[in-house]
Amino acid sequence: MSLLTPYFRAAVLAALVLLLPRLSISAPGTATVSGIRFWTTEEYTRVVVDLEGEATYEANFLGPDPAHNLPPRIFIDLQGADIREEILRAPVQVRNGLLKVVRAGRFRKGVVRVVVDLERESSHRVFAITDPFRVIIDIDGKAPAAPSAPAASPEARDAGEPRAAATRGKIRVMLDPGHGGKDPGATGANGLREKDVVLAIGRMVRDRMQREDAFDVRMTRDTDVFLPLEERTAMANEAHADIFVSLHINASPNRRAEGISTYVLSRATDRHSLELAARENGVPVAKLATVKFIIDDLSTFGRKKESLRLAKTVNDAIVRNVNGRFGRVSDLGLKQAPFYVLVGARMTAVLVEASFITNLREEARLRDPEYLGAIADSVVEAIRFYGEKGALARAGL
Ligand SMILES: [Zn+2]
């Protein structure tokens, strides 16, 4: 940081959020950089550095150095790490107007340095996800507005206008059925699997939305495939979605636990939320509980206020519809927890936990297509309502 000018230091301090800065100490050489992946648009790039084994890391930023013809760079030092030869030999060319190339090398014994050469100064943040361990670099470069695009007023944005819906005329929704493939999610006492239930709900929501002009709907998965959590968010960002809805079914060691809850990304509001996030993230509670999760960047990258509003609307709609058609459903309400799948989402983003698969009565309900249909109807209804409120705000009503 000492190499930075005060301006850059302020910008970087504002932009650089280390969610898991010191995750664990590994003996030198026990972690190996095994891959570099990325997703990109002209205004957003997510780079993922995959490791076999865990390493500590430190992220830094350097401004451009015209004297040496060097661009602005983000560099990440992975301590206690080595790198596979093929990664060493093959820098990842991105060249999307935002970043040029991602390269990695042995900086010194036991330290691998990953360098991201930027095309221009951009805000960014770095965080880690575990099991398996990977370091994620999100780079945010707002593209200049197209001359023909009507600029939304700050009031309209504050009032909840979906980011690009004003120019597209449709609300773009990315539905994310949780889990899939090798990851079944939670399983009920009678064998019902979360991954199958949420895929069924996701397809129902998609089919309903496709019948309406107001929506442009996509899915992170519409088959039984495994997708890493960071890829789901990256897909939503890449698609310029206005809304991201991750679909899940709750679980608890307490077989009596039941009901509907909807989450936004934040620190956990209670013990169950923390346990739930740990399970959905695929990490032990102890690991998540000790993490100093800094999520203050939501005001710049995410849309917390809007996410809270949509989460409440979705939750109320599910409770109302299920109660109306089936009766006796617990409203666990709006909650907050550190779900990895929501980290880095650049749009209104919520995670629905629609009933408990570990509750016998709710597991039986989740086998009923009518029940799943009621949940799907509620999601569509809530997003329609959310979009209409945004349109009213745009019209100044
Ligand atoms: Zn889940």
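Every number for a ligand or one of its atoms is a count from 1 in the order of the listing. Only heavy atoms go into these numbers, but all of them, side chains included; no hydrogens, no water, no symmetry mates.
Taking 2.8 Å as the criterion, E353 does not count as a coordinating residue of the Zn ion (ligand 1), since none of its N, O or S atoms falls below it.
N321 and E381 share a donor-acceptor pair across their side chains, judged by distance under 3.5 Å alone.
Smallest separation of non-hydrogen atoms from G202 and P177: CA-CG, 4.4 Å. Scanning both residues, A59 and V126, for their nearest heavy atoms gives CB-CG2, 3.8 Å.
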- Query: For K335 and E353, what are the C-alpha separation, side-chain angles and deciding distance, and is it a salt bridge (charged side-chain N to carboxylate O under 4.0 Å, His left out)?
  - Reply: CA-CA 10 Å; K335 294 185 173 238; E353 296 279 353; over 6 Å; no

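The N, O or S atom of H248 lying closest to the Zn ion (ligand 1) is ND1. The name of the N, O or S atom in E280 nearest to the Zn ion (ligand 1) is OE1.
Here the angle centred on the Zn ion (ligand 1), running from NE2 of H179 over to OE2 of E194, is 100°, rounded to 10°.
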